[in-house]
Amino acid sequence: MNVLVPSSGGNSVRAEVVRDGQVPPVRYPGEHNRIRALWPREPTDRLRGWLVTLVLTLLAGVVRFWRLDHATDEGTPIFDEKHYVPQAWQMLRNGGFEDNPGYELVAHPPVGKQLIAVGEWLFGYTPWGWRVSAALAGTLMVLLIIRITRRMTRSTLLGALAGILLICDGLSHVQSRVGMLDVFHALFVLAAFGCLLVDRDRIRARMTLVVTEHRVDDSVFGPRLGFRWWRFGAGVLLGLACGVKWSGIYYVAAFVLLSLVWDALARRTAGVRRPWLGALLRDAVPAFGSLVVLALGVYFSTWAGWYASETATDRHAASVAEDVGFGFLPDMFRSLLYYHLNVLDFHVHLVTGDDPHPWESKPWAWPMGMRPMLYYYESGLPGCGQGDCVQAAMLLGTPALWWLALPVAGWAVWRAVAGTDWRYATVLVGYCAGYLPWFTNLDRQMYYFYATPLAPFLVLGIVLVLGEVLGPASASVERRRTGMLAVALYVGLVVANFVWLWPILNGFPITEARWQAELWLPSWR
């Protein structure tokens, strides 16, 4: 393995290339700017970085798991838990898949329900059982956002701020405490995004080595970059994201393009004469293989329980249905196709209609959380110091975060275009991949929980802005202190907002007056 450690001095660059334990010093004058632009610098406080990450992840775990079994419908699942929790329980007795073909409301692939089933296997058919996997997923998302932000900004402080903001996001919090699918989808998408970021750094390090060895001009297309394990990992995670919800396919398309653009920019920075054509000829096929073909293979492998089952929904549809088609395929795959077509038909015809769901919302309401969802509500209960208390669990993004979505998006577009800041452009790609596709069919029933994968990218965008408010390390002491004060006040506002919303995010008893005070906008009612 080669490890390159460049350092600058005057107009030259000293690069130490480690090969087989040898560390020969090599000097290449004239390559200073390229190496400085390519080399992925990382913070030097690795120990502190991991300590901060683990402490905040532990805090996230406490917040996500606190009284996890609270808020049930007389001990039974609430809202859409009523679909996925019993389906997960069916999987435990059927080898990994639903076995109730008369139910037929099986609208999503198996991975999310299998993860819920793991919790039910550990803790039984109880609120802890059907929610523990979601709480763990929500906790891991905090760990990931800290490390991802730290890698993007090269700042442990900003990584910590990202972790705090995601902990205090009401949408992420509630979805981490219910037995639904969206938090698993968001976890796999965020993890795939993180893998691609590491891959970007690894490739730029390889290109730095090519520059120091003066091999850039060996081909007008640049070098071949070899096998890329982190991109391979991203493909696996994207396949799992699709195995939770089909909307993962939008991230597959977005991340393929993102990876190729990064490759082309790395080649251009290294001085390759035809960087875009080089990325197309030398990187496109491997990227397609890792992020599309592999993801597709992982997706179909998640149906292993369905393949092995004899009683899973539509498992033998090809033997009895007349309209399956594709007679050249084995019956098992024709039955799987029939199943997928049924699910597709379900989604196509899941429209708003003349009698919309009372908590339905369209995507234009999501960025600022204008139409939250009431998952659970009971009144006339004790527990708040009065005889008539309210318990309500509402899916609501913390306004101090979500109400900044549009201004932050506008600033990100400006910085990505005018300032050519790749970080803002990257955040926009992740955010838009989970948001814009929903505008293609506005007749479809839609709900605010579809915005769950957007939350980490919203946090990333806000933290990038906070980094600019904080100011560069080279700024004056007064500038940095003023920036730190502004950042601290904003983060404190988010925390305070989350604390205020705490009772209605978790369904804890409050008075009727407090419940009315929590409903800030008419659209929240």
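Keep in mind that this is a model prediction, so the values were computed, not measured.
Although no hydrogens or angles enter the test, the distance criterion places a donor-acceptor pair under 3.5 Å between the side chain of Y424 and the main chain of L464.
Summarising the geometry, atom CD belonging to E120 is positioned 12.5 Å from atom NZ belonging to K113; distances are rounded to the nearest 0.5 Å. The distance from the CD1 atom of I504 to the CH2 atom of W515 is 5.5 Å, given to the nearest 0.5 Å. Taking CG of L165 as the reference point, atom CG of L401 lies at 5.5 Å (rounded to 0.5 Å). Atom CG of residue L161 and atom CD1 of residue I145 lie 12.0 Å apart, to the nearest 0.5 angstrom. The structure places OG1 of T153 at 10.5 Å from CG of L470, a figure rounded to the nearest 0.5 Å. Between L225 atom CG and R204 atom CZ the span is 12.0 Å, to the nearest 0.5 Å.
With no hydrogens or angles considered, no side-chain donor-acceptor pair links N497 and T398 at under 3.5 Å. With hydrogens and angles left out, the side-chain atoms of T156 and R150 include a donor and acceptor closer than 3.5 Å. Side-chain N/O atoms of W66 and N506 include no donor and acceptor closer than 3.5 Å.
The existence of a salt bridge linking R151 and D201 is confirmed by a sub-4.0 Å separation between a basic side-chain nitrogen and an acidic carboxylate oxygen.
Classified by interplanar angle (parallel below 30°, tilted 30° to 60°, perpendicular above 60°), the ring pair W524/W520 is parallel. Using the six-membered ring where Trp is involved, H340 and W303 have ring planes that are tilted, between 30° and 60° apart.
Judged by a 6.0 Å distance limit and a 45° cone about the ring axis, R200 is positioned over the six-membered ring of W422. Remark: R147 is positioned above the aromatic ring of W50, its terminal NZ or CZ atom under 6.0 angstrom from the ring centre and at most 45 degrees off the axis. Stacking of R67 on the aromatic ring of F508 is recorded, both the 6.0 Å distance cut-off and the 45° axial limit being met.
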### Task
List the steps and the verdict of side chain to side chain donor-acceptor pair (under 3.5 Å) for Y376 and E81.
CA-CA 11 Å; Y376 162 79; E81 283 186 333; over 6 Å; no
### Task
Before giving the answer on side-chain contact (heavy atoms from CB on, under 4.5 Å), spell out for L115 and V111 the whole-Å C-alpha distance, their side-chain angles and the decisive distance to 0.1 Å.
CA-CA 6 Å; L115 292 173; V111 172; 4.2 Å; yes
#### Entry: Test side chain to side chain donor-acceptor pair (under 3.5 Å) applied to Y299 and W246, step by step
CA-CA 10 Å; Y299 170 78; W246 283 356; 2.9 Å; yes
### Task
Check step by step if side-chain contact (heavy atoms from CB on, under 4.5 Å) holds for L187 and L140.
CA-CA 8 Å; L187 172 66; L140 290 176; 4.0 Å; yes
#### Entry: Criterion side-chain contact (heavy atoms from CB on, under 4.5 Å) on M370 and W364, from CA distance to verdict
CA-CA 9 Å; M370 301 305 291; W364 53 75; over 6 Å; no
### Task
Tell me, with the steps shown, if D169 and W402 meet side chain to side chain donor-acceptor pair (under 3.5 Å).
CA-CA 9 Å; D169 170 40; W402 286 79; 2.6 Å; yes
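At least one side-chain heavy atom of V252 sits under 4.5 Å from a side-chain heavy atom of I249. Between Y375 and F449 the shortest side-chain heavy-atom distance falls below 4.5 Å. Using a 4.5 Å cut-off on side-chain heavy atoms (C-beta onward), R228 and D283 make contact. Two residues are said to be in side-chain contact when any heavy atoms from C-beta on lie closer than 4.5 Å; V85 and M180 fail this criterion. Counting only heavy atoms from C-beta outward, the side chains of T57 and T139 approach each other to under 4.5 Å. Residues I116 and L181 have side chains in contact (heavy-atom distance under 4.5 Å, counting atoms from C-beta outward). At a threshold of 4.5 Å between non-hydrogen side-chain atoms, the residues T76 and D73 count as touching.
Proximity of the aromatic rings of Y448 and W359 is defined here by a centroid distance below 6.0 angstrom, and this criterion is not met.
G434 and L454 make their closest contact through C-CD2, 3.6 Å (heavy atoms, listed as atom of the first residue, atom of the second, distance). The minimum heavy-atom distance between V408 and G461, with the atom names listed, is CG1-C, 3.7 Å. Across all their heavy atoms, G124 and W89 have their closest contact at C-CZ3, 4.0 Å. Considering all non-hydrogen atoms of both residues, L406 and P367 come closest at CD2-CB, 4.1 Å. Nearest heavy-atom pair across G430 and F255 is CA-CE2, 4.5 Å. L166 and S172 make their closest contact through CD1-OG, 3.6 Å (heavy atoms, listed as atom of the first residue, atom of the second, distance).
H108 pairs with exactly one of H83, H185, H347 by the ring-ring contact (aromatic ring centres under 6.0 Å, His included) rule, that one being H347. F457 pairs with exactly one of F193, Y435, Y431 by the ring-ring contact (aromatic ring centres under 6.0 Å, His included) rule, that one being F193. Partner of D263 under the salt bridge (Lys or Arg N to Asp or Glu O under 4.0 Å) criterion, out of R231, R202, R224: R231 alone.
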